[in-house]
Amino acid sequence: AIKFYKECIAISREIGLKPELAITLYNTGDCIESNDENYEHASEYFEESLSIFREMDHRIGIASSLNGLGNIAFRRSDFEQAKILYEEALTLFRNNGHKTGIANSLYGLGNAAFLLSEFTDAKKYFEDCLELRRETGNKKSIAEALRSIGNVLSELGNHKQAQKFYKEALEQIAISN
């Protein structure tokens, strides 16, 4: 996929298709970030896509690129920076009513807060994320949010309640397969 994206980037640059270039840069960064340990390389693609989306004032593109950069910061264990990026993305997604983007930003914020031991905040982010993911109906994403709430509850010593969330997460995964 990365080879194909790089070919699309070259073509988009050559003929001056900024929207397609920005989207393909984002997709390339996302692909690299998801499948590779070279976060710096992915970061370059997200940064360039962010710059082009800002030139175009494409709010969803800006927010998506910010989430991508938040994921990179998270993987570097720079949780404070990840939160800043996710919060900026969240604001843009909310202003544009983009439920999937809102849910993804909330999930990122929840993970960052969890690893910063901000468990009350993490639980709230994950609960809000879960509510939106239930609306969109993606069972695997619902399971992910349920498991994360279970992790927070377990960390807070509420193992019995955590177990209920883990069980429901497994049920959601079973439904999705």
Side-chain angles (χ1 to χ4, degrees), residues 22-23 25-136 138 140-158 161-162 165-166 169 172:
I23 291 167
L25 287 164
Y26 170 82
N27 287 338
T28 305
D30 191 47
C31 190
I32 292 170
E33 187 263 328
S34 299
N35 299 304
D36 195 346
E37 297 296 318
N38 189 351
Y39 308 136
E40 291 306 317
H41 196 54
S43 183
E44 293 168 14
Y45 287 99
F46 287 133
E47 289 284 355
E48 189 174 354
S49 72
L50 177 61
S51 175
I52 295 169
F53 282 131
R54 281 191 168 142
E55 283 177 28
M56 297 170 21
D57 197 32
H58 189 288
R59 303 299 170 103
I60 299 303
I62 294 168
S64 296
S65 296
L66 290 167
N67 258 358
L69 289 166
N71 292 342
I72 299 295
F74 183 87
R75 286 183 178 235
R76 288 186 193 133
S77 300
D78 188 351
F79 307 122
E80 290 293 346
Q81 179 63 24
K83 281 178 60 177
I84 290 166
L85 292 162
Y86 291 138
E87 286 170 357
E88 189 176 347
L90 177 62
T91 298
L92 290 169
F93 282 132
R94 279 190 171 144
N95 289 342
N96 288 277
H98 194 279
K99 287 184 181 184
T100 300
I102 296 167
N104 291 340
S105 295
L106 288 167
Y107 187 75
L109 282 163
N111 281 325
F114 182 85
L115 290 171
L116 290 167
S117 300
E118 298 168 356
F119 300 118
T120 302
D121 290 343
K123 185 172 180 277
K124 176 70 172 133
Y125 289 132
F126 290 137
E127 288 170 342
D128 292 348
C129 171
L130 176 60
E131 182 180 328
L132 286 169
R133 287 183 170 178
R134 286 193 194 279
E135 287 179 29
T136 59
N138 182 318
K140 288 183 180 178
S141 293
I142 293 168
E144 186 178 63
L146 288 163
R147 179 189 44 81
S148 297
I149 294 169
N151 290 344
V152 172
L153 292 168
S154 182
E155 194 66 36
L156 293 171
N158 195 339
Q161 192 177 5
F165 282 90
Y166 293 141
Q172 290 295 320

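These figures come from a predicted structure and were not determined experimentally.
- Taking 4.5 Å as the limit, some side-chain heavy atom of Phe46 sits within range of a side-chain heavy atom of Asp30.
- Using a 4.0 Å cut-off between charged side-chain N and carboxylate O, Lys140 and Glu144 make no salt bridge.
- You'll find the side chain of Leu130 reaches within 4.5 Å of the side chain of Ile149, heavy atoms only.
- Residues satisfying the salt bridge (charged side-chain N to carboxylate O under 4.0 Å, His left out) criterion with Arg59, sequence neighbours excluded, are Asp57.
- The CD1 atom of Ile84 sits 11.5 Å away from the CG atom of Leu66 when rounded to the nearest 0.5 Å.
- With sequence neighbours left out, the salt bridge (charged side-chain N to carboxylate O under 4.0 Å, His left out) criterion links Glu47 to no other residue.
- For Tyr26 and Tyr45, the ring centers sit 6.0 Å or farther from each other.
- Taking a cutoff of 4.0 Å between a charged side-chain nitrogen and a carboxylate oxygen, Lys124 and Glu118 do not qualify as a salt bridge.
- To the nearest 0.5 Å, atom NZ of residue Lys123 and atom OG1 of residue Thr120 are 8.5 Å apart.
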Determine, stepwise, if the pair Ile62 / Leu50 fulfils side-chain contact (heavy atoms from CB on, under 4.5 Å). CA-CA 5 Å; Ile62 294 168; Leu50 177 61; 3.7 Å; yes

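- Residues Ala89 and Ala63 share a closest heavy-atom pair of CB-O, 3.4 Å.
- Side-chain N/O atoms of Asp78 and Gln81 include no donor and acceptor closer than 3.5 Å.
- Between Ser154 and Tyr166, some side-chain heavy-atom pair lies under the 4.5 Å cut-off.
- In this structure, CD in Glu127 is found 10.5 Å from CG in Leu146, a value given to the nearest 0.5 Å.
- Atoms OH and CZ, on Tyr86 and Phe79 in that order, are 9.5 Å from each other to the nearest 0.5 Å.
- Inter-residue side-chain proximity for Phe53 and Ile23 is flagged as met; some heavy-atom pair is nearer than 4.5 Å.
- Arg76 and Asn71 are not linked by any side-chain donor-acceptor pair at a separation below 3.5 angstrom, with hydrogens and angles left out of the test.
- When all heavy atoms are compared, the tightest approach of Gly110 to Ala122 is O-CB, 3.5 Å.
- Between Tyr107 and Arg133 the shortest side-chain heavy-atom distance falls below 4.5 Å.
- Considering every non-hydrogen atom in both Gly97 and Ile102, the closest pair reads C-CD1, 4.5 Å.
- Using a 4.5 Å heavy-atom cutoff, the side chains of Glu44 and Glu48 are not in contact.
- Using a 4.5 Å heavy-atom threshold, the side chains of Arg134 and Ser141 count as separate.
- Taking both residues in full, the closest heavy atoms of Lys83 and Ala113 are given as CD-N, 4.5 Å, listed atom of the first, atom of the second, then distance.
- Sorted by first then second residue, the side chain to side chain donor-acceptor pair (under 3.5 Å) pairs that include residues 60-70, not counting sequence neighbours, are Ser49-Ser65, Asn67-Ser105.
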Let's go through Phe74 and Leu115 carefully: what are the C-alpha distance in whole Å and the side-chain angles of both, what is the deciding distance for side-chain contact (heavy atoms from CB on, under 4.5 Å) to 0.1 Å, and is it a yes or a no? CA-CA 10 Å; Phe74 183 87; Leu115 290 171; 3.4 Å; yes

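- By the 4.5 Å heavy-atom criterion applied to side chains, Phe126 and Leu106 are not counted as neighbours.
- Glu87 and Leu109 get closest at one heavy-atom pair: CG-CD2, 3.5 Å.
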